[in-house]
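Take a look at the structure set out below.
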Amino acid sequence: PFLENVVAHPIFRSGQATTTLIDTTPELFRFKPRRDRATKLLNFIGDVVVNGNPHAKGYKPAAPLAAVPAPTYDHSEEPPAGTRQKLLELGPAKFAEWTRKQKRLLITDTTFRDAHQSLMATRVRSFDMLACAGALARQAPELFSLEMWGGATFDTAMRFLNEDPWERLRQLRAKAPNICFQMLFRGANAVGYTNYPEHVVAGFVRHAAASGMDIFRIFDSLNYLPNLRVAMEAVQDTHAICEGTVCYTGDILDPKRDKFDLKYYVRLAKELERMGAHMIAIKDMAGLCRPYAAQKLVKVLRSEVGVPIHFHTHDTSGINASAVMRAADAGVDVVDLALSSMSGSTSQPNLNSVVAALEGTPRDTQLDRATLDRFSDYWENVRPYYAPFDTAPKSGSAEVYLHEMPGGQYTNLKAQAESMGVSHRWPEIARTYAEVNQLFGDIVKVTPSSKVVGDMALFLFSRGIKPVDVVNLDPGATPFPESVIDMLSGGLGWPDGGFPADVSKAVLGAQKHRAAQARYRAAMKKGLKAPKLSKRAREAKFAKGLADTRAGVALHLKHEPSDDELFSHLMYPQVHDAFLKHRKHFGDVSVLPTPAFFYGLQPGEEISVEIEEGKVLIIRLISVGEPDADGRRIVNYELNGMARDAIIVDKS
Ligand code: 3PY
Ligand code: ZN
């Protein structure tokens, strides 16, 4: 573009250009893409104004939503060193030792990931995180980590927010270079819903670590440990912490739920330690770990394994801050909490209040509560931007001990029930979910196994089939959801003891059931035995697989993919295609303030948009014209004080 500008400039064309033309003619540096970017954004806003954002559920705020000021800080000051510097200095094993030696309770802030995944269907945009991340890095550098990536964020960023998840990671990293970043990684499912080839899983881990990820919490939705091996080894080849995860379900205090007793969890944790985990997470994704169970579990795990224990829970019951306190008493090293205004209900317990509860005690967190309160205030004011997605229960409920749904699934399944017009029968659906869990033999329920239980529950409910009657159906004759067939066939791995044979046979039919049983037996025989490869050998093996995969993706995209594009495509091919198309058409819309992104502007409303550091567009909506014969409307703006318009097709 620079050369185009030079060649097009009147002085150059007059033949009188000298080398000083470049120094004396600043407009040469104003490239067309900048104008393009403004035009694209005006088209996007115009489209939202005229047609609505297809992902905003038709919601329109009554009055314009004001910009929320984030906590301020001195931009010339570097953030103080934090856990990230410690990790880079010590390496993961020594860092874990340091973690275990801390007397204070260490805290992971989940506000940027699980809190909004559980409360607001994972809709929080990078914009609102970036606005406060720089201040957080400087004012709360004692935090152990920020959980800000993985889980459902990868999918929703592209699918609903038209954002690039990799850019989110790097932009946040730039704002907060001092606190460890943490992600949730679904073992062999990476950040998707199905199993990916080994080179894809390992490649993804590597690229995430290189892009700034420090702590990988790796879990399997059936606690099937062979599914964790590839990701765990891949993390061990980087600078990052490999956090092996035990998903918690059932109730260790209930002798009748003996499938998931204390021994079960201890066995898993020890196995994970043997597999090289630097830390162990207890992942209580549904908030089922009751206070006294948490105390017992942490106490035993802490004495049975030598690495730090990291406790994750949800406050769905309303009582799980107490589980955190009991875990703290029992010596847990790190706990997950969310800032006050993003906590409670299906989200994590309240970070600020736990800090207050421990002040002056041996496990004082050494975090400054007044500072954290300012960040909570910020989120309290931002939260109304996400009103159409903010559908979590208003209070805690002991119903969770019946249905055992993970925090993030509850609101999704409820919305699905609503769209089927059966939300008034929610208690029956919740009961069906619990019965389907028993039908499958009582399994761990977390993405993606929780989705399979949900799919089956809605399938049976909508057909009026009782879960206990499934075993009496003609084998293989009912069109069960694909996800159910896949899980019972071993597509997600295996729960302890496999799936009940009568259910497997009824769902799969006799022949497929026999094949599934053979696969189960082979898997049990193999167990965790895998060819022990050196790091070099692993790298070579995966490099070959990835090179072939990359060539295929290049063919599809019609250009050589960047690593970001490669892994986004591999996780979600169609969603990524749609994302690229949107970006080509409208540019990078992540720079827009959230109200403008979801709800457009109202006449007279003005926003400032920083399209890159120091380059700001002031956009004011003036008016929206009537549609012409072809349904086109003229949207009038002022852009940096100059009249501009966009022509938008009204799709109504
Ligand atoms: C996810 O996999 O997204 C989860 O949050 C599971 O709890
Ligand atoms: Zn969670």
Side-chain angles (χ1 to χ4, degrees), residues 107-124 145-160 165 182-196 201 204 208 215-224 227-228 231 243 245-249 281-289 294 310-317 320-321 323-324 327 334-338 342-351 392 400 403-413 443-454 483 492-493 571-572:
I107 293 184
T108 296
D109 177 5
T110 65
T111 305
F112 290 175
R113 204 286 295 183
D114 206 8
H116 72 95
Q117 177 168 332
S118 302
L119 295 174
M120 288 122 101
T122 333
R123 293 307 202 277
V124 170
S145 63
L146 299 174
E147 196 205 27
M148 40 59 72
W149 217 63
T153 62
F154 199 89
D155 176 18
T156 50
M158 287 192 286
R159 190 189 295 265
F160 300 122
Q182 181 171 322
M183 78 171 290
L184 183 66
F185 196 89
R186 299 169 177 158
N189 311 129
V191 291
Y193 300 93
T194 54
N195 284 12
Y196 297 99
V201 172
F204 189 101
I215 302 176
F216 291 77
R217 174 174 294 165
I218 305 172
F219 76 96
D220 178 71
S221 77
L222 297 171
N223 278 339
Y224 181 60
N227 275 348
L228 304 187
E243 190 171 276
T245 305
V246 176
C247 297
Y248 181 90
T249 194
I282 304 168
K283 179 174 164 61
D284 176 23
M285 56 279 167
L288 297 172
C289 193
H310 195 159
F311 182 50
H312 173 86
T313 188
H314 288 251
D315 203 21
T316 316
S317 66
N320 265 20
V324 169
V334 197
V335 296
D336 283 8
L337 298 164
M342 295 288 280
S343 75
S345 183
T346 47
S347 173
Q348 272 67 58
N350 190 322
L351 193 160
V400 69
H403 59 61
E404 302 187 338
M405 276 174 216
Q409 184 180 32
Y410 184 92
T411 39
N412 270 333
L413 201 66
I443 58 172
V444 173
K445 294 165 292 302
V446 60
T447 317
S449 63
S450 53
K451 187 180 168 300
V452 181
V453 175
S483 64
L492 300 181
M571 289 297 122
Y572 293 97

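When a ligand or atom number is given, it counts from 1 through the structure's own listing order. What's counted below: heavy atoms across the whole structure, side chains too, no hydrogens, waters or symmetry copies. As the structure is a prediction and not an experimental result, all values here were calculated from the model. Numbers for residues simply follow the sequence, beginning at 1.
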Practice task
Please answer whether the main-chain N or O of P165 pairs with a side-chain N or O of W149 as donor and acceptor at a distance below 3.5 Å.
Solution key: yes

Handout entry: Sub-4.0 Å atoms of ligand 1 with respect to non-hydrogen atoms of V446
Key = 6 (C), 7 (O)

Handout entry: Numbered atoms of ligand 1 (with element) below 4.0 Å of A152, judged on heavy atoms
Key = 3 (O)

Problem - Where ligand 1 meets M285 - atom numbers and elements under 4.0 angstrom, heavy-atom basis - result: 7 (O)

Problem - Close approach, R113 and ligand 1, non-hydrogen under 4.0 angstrom - result: yes

Handout entry: N/O donor-acceptor pair under 3.5 Å between S449 side chain and S221 backbone
Key = yes

Problem - NZ or CZ of R159 within 45° of F154 ring axis and under 6.0 Å - result: no

Exercise for the section: Do me a favour and list the nearest non-hydrogen protein atom to atom 4 (C) of ligand 1 with residue, atom name and distance? Expected result: L184 CD2, 3.3 Å

Practice task
Looking only at N, O or S atoms, find the one in H312 nearest to the Zn ion (ligand 2) and name it.
Solution key: NE2

Practice task
Among all protein heavy atoms, pick the one closest to atom 2 (O) of ligand 1 and tell me residue, atom and distance.
Solution key: R186 NE, 2.8 Å

Problem - Side-chain donor/acceptor of Q182 to backbone N/O of I215, under 3.5 Å - result: no

Handout entry: Positive for side-chain hydrogen bond (donor to acceptor under 3.5 Å, both in side chains) with T108, one of Q348, E147, H310, H312
Key = H310

Completion exercise
Counting from 1 in the order shown, the ligand 1 atoms closer than 4.0 Å to a non-hydrogen atom of Q117 are 1 (C), 3 (O), 4 (C), 5 (O)

Exercise for the section: Say whether, by atom type as modelled, one donor and one acceptor occur between the side chain of N223 and the main chain of C247 under 3.5 angstrom. Expected result: yes

Exercise for the section: May I ask you to decide if S118's main-chain N or O and T346's side chain share a donor-acceptor pair within less than 3.5 Å? Expected result: yes

Handout entry: Angle at the Zn ion (ligand 2) (to 10°), with one arm to NE2 of H314 and the other to OD2 of D114
Key = 90°

Exercise for the section: Under 4.0 Å from a heavy atom of F219: give me the atoms of ligand 1 that qualify, with their elements. Expected result: 2 (O)

Completion exercise
atom 7 (O) of ligand 1: closest protein heavy atom, distance to 0.1 Å, is K283 NZ, 2.8 Å

Practice task
Report yes or no: is the cationic atom of R217 (NZ for Lys, CZ for Arg) closer than 6.0 Å to the six-membered ring centre of F185, at no more than 45° off its axis?
Solution key: no

